[in-house]
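My questions all concern the structure below.
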Amino acid sequence: AKVWGATALEDMNPDAKIVEVNLAAANYDWDFEGHTVKMFAYNGQLPGPLLQANVGDKIIVHFTNNLEEPTTIHWHGMRIDNEMDGNPRVQDPVQPGETFTYTFDAVEAGSFWYHPHVNSHEQVDRGLQGSIVIHESQPPAYDTERFLIFDDILIDPATGILPGFLKSHGEEMHGRFGNRLLSNGLSRDKLAATAQKGEGERWRIVNTANARTMTFKLDGATFRVIGSDGGLLPQPYTTNYLQVAIGQRYDIEVSYDKAGTVKLLNLIPTATNDGKVKLVEYSALKVEVADSTNEPREVQLPVVAELPAREIDQTVDVELSGQTDAQGHIAWTINGKVNAEEFLFTFKKGSTIKMRLKNLAGPEHPFHLHGQFFTIVDQKTMETSQPGLKDTVLVPGMSTVEIIAFMDNPGRWMAHCHILEHAALGMMSELVVEE
Ligand code: C2O
Ligand code: CU
């Protein structure tokens with residue numbers, strides 16, 4: 001299956017059930033807006049190449065670290081063995097010049113992504129991020145499938161230099177907001193595609209920014225949400241605005257019922273001169289739809305079972321907060337701990353846990369749990385509804401969001417804020433799921 005928007009990694013293994021690839025991280029000179037920008041890249045591509053497999057396959061990634069600093073790779077959203085998850089407290093980080101082989105199974109079909117878990121606020125921002133598609137055994141027959149990685153980057157437009165990381169109070173407080181939006185590594189307005197009237201497409205969307213929640217709308221065509229972090233939904237739904245928290249994925253179905261220009265617009269809150277905030281629309285993807293005599297057809301989606309109702313075994317509170325020291329520096333906390341060394345919780349494998357995520361300080365926090373899926377109970381603070389299995393949820397400022405987590409995958413798992421500056425400044429913890 002061909003996925004538009006990323007170059008797929010070459011599968012070197014002749015066995016149809018094994019995907020075996022090479023991946024290397026290295027310094028990378030990025031040609032951007034007339035400057036050579038000092039970045040990092042996987043296999044010399046920015047964003048990194050697409051890792052794709054069929055559900056049930058075994059995946060082997062031979063990773064080489066050609067950076068000048070240690071790193072790991074985390075396979076965001078995939079429920080794999082915890083030794084392969086890229087947690088630097090479990091796996092010794094891969095040192096410069098060294099290699100590591102990641103081996104794991106593609107247990108669930110869905111849209112995922114990969115990124116480092118060492119010095120992440122800098123490594124991810126400098127370009128270490130890539131897409132993962134695990135195809136369903138009977139994938140729906142869309143005319144085109146696209147992977148869309150949306151990011152932003154902070155860059156001095158005059159020199160192409162990236163300002164120092166975590167050097168300002170604003171960055172400690174809100175995370176690093178970019179001044180350039182990126183669509184699949186291209187600057188805004190540059191990502192373009194073509195299609196024909198009557199066609200239907202599947203777009204897999206991920207927000208890989210360090211700090212920016214993104215809200216999209218589609219002009220010129222209709223869409224509905226068919227998949228979430230955990231794969232295809234039992235019940236697709238329509239919405240006007242799609243809010244994508246950092247790290248989250250959405251699969252949407254786009255139908256072209258007429259010819260013309262279709263634009264996916266990223267709505268960016270922007271301060272105006274009179275001190276107000278207005279939404280400025282930037283094109284994240286432009287599709288020129290050619291006329292044809294075809295009428296839109298309905299694409300058959302595989303039947304997806306409704307999530308089983310599970311009795312809640314335990315309810316726990318997770319308090320997201322922060323403190324400021326005498327010099328004005330911020331430390332971010334989970335249940336009062338900065339970068340907690342001890343485990344936040346220990347649960348039994350198979351238990352169903354209601355977590356009350358309480359945002360007690362500062363801006364929003366996209367909370368991410370490794371290795372397990374959850375559903376979101378409380379959706380009244382969300383702009384869009386978020387059914388289905390999730391691994392990341394936005395907890396807006398001064399509010400509480402409840403999730404029900406299925407602790408089915410044993411191991412020790414990171415639980416942290418996906419604003420990477422908040423994670424770097426302490427909003428990072430681990431929990432244990434006992435066998
Ligand atoms: Cu996408 Cu712990 O990360
Ligand atoms: Cu946060």
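Each ligand, and each atom within it, is numbered from 1 in the order the structure gives. Numbers here are sequence positions counted from 1.
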**OP:** Taking Asn210 for its side chain and Leu420 for its backbone only, find out whether a donor-acceptor pair lies under 3.5 Å.
**Re:** no
Subject >> Donor on one side chain, acceptor on other, His74 and Asn87, under 3.5 Å >> reply: no
**OP:** Run through His365, His117, His422 and flag the one making a ring-ring contact (aromatic ring centres under 6.0 Å, His included) with His416.
**Re:**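 Passing option: His117.
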**OP:** Examine all N, O or S atoms of His418, backbone included, and report whether one is under 2.8 Å from atom 2 (Cu) of ligand 1.
**Re:** no
Subject >> Heteroatom N/O/S of His370 within less than 2.8 Å of atom 2 (Cu) of ligand 1 >> reply: yes
Subject >> Ring center gap for Phe345 and Phe343 short of 6.0 angstrom >> reply: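 No - the distance between ring centres of Phe345 and Phe343 does not fall below the 6.0 Å cut-off.
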Subject >> atom 1 (Cu) of ligand 1 - name of the N/O/S atom of His115 that sits closest to it >> reply: NE2
**OP:** Would you mind naming the N, O or S atom of His365 nearest to the Cu ion (ligand 2)?
**Re:**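 Of all N, O or S atoms belonging to His365, ND1 is the one nearest the Cu ion (ligand 2).
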Subject >> N, O or S of His416 under 2.8 Å from atom 2 (Cu) of ligand 1 >> reply: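 So His416 does bind atom 2 (Cu) of ligand 1 by this criterion.
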Subject >> Atom name in His422, limited to N/O/S, at shortest distance from the Cu ion (ligand 2) >> reply: ND1
**OP:** Verify, without hydrogens or angle tests, whether Ser168 (side chain) and Glu171 (backbone) share a donor-acceptor contact under 3.5 angstrom.
**Re:** yes
**OP:** Mind telling me whether His121 and Phe165 have parallel, tilted or perpendicular rings, with 30° and 60° as the class edges?
**Re:** perpendicular
**OP:** Could you tell me which N, O or S atom of His76 is nearest to atom 1 (Cu) of ligand 1?
**Re:** ND1
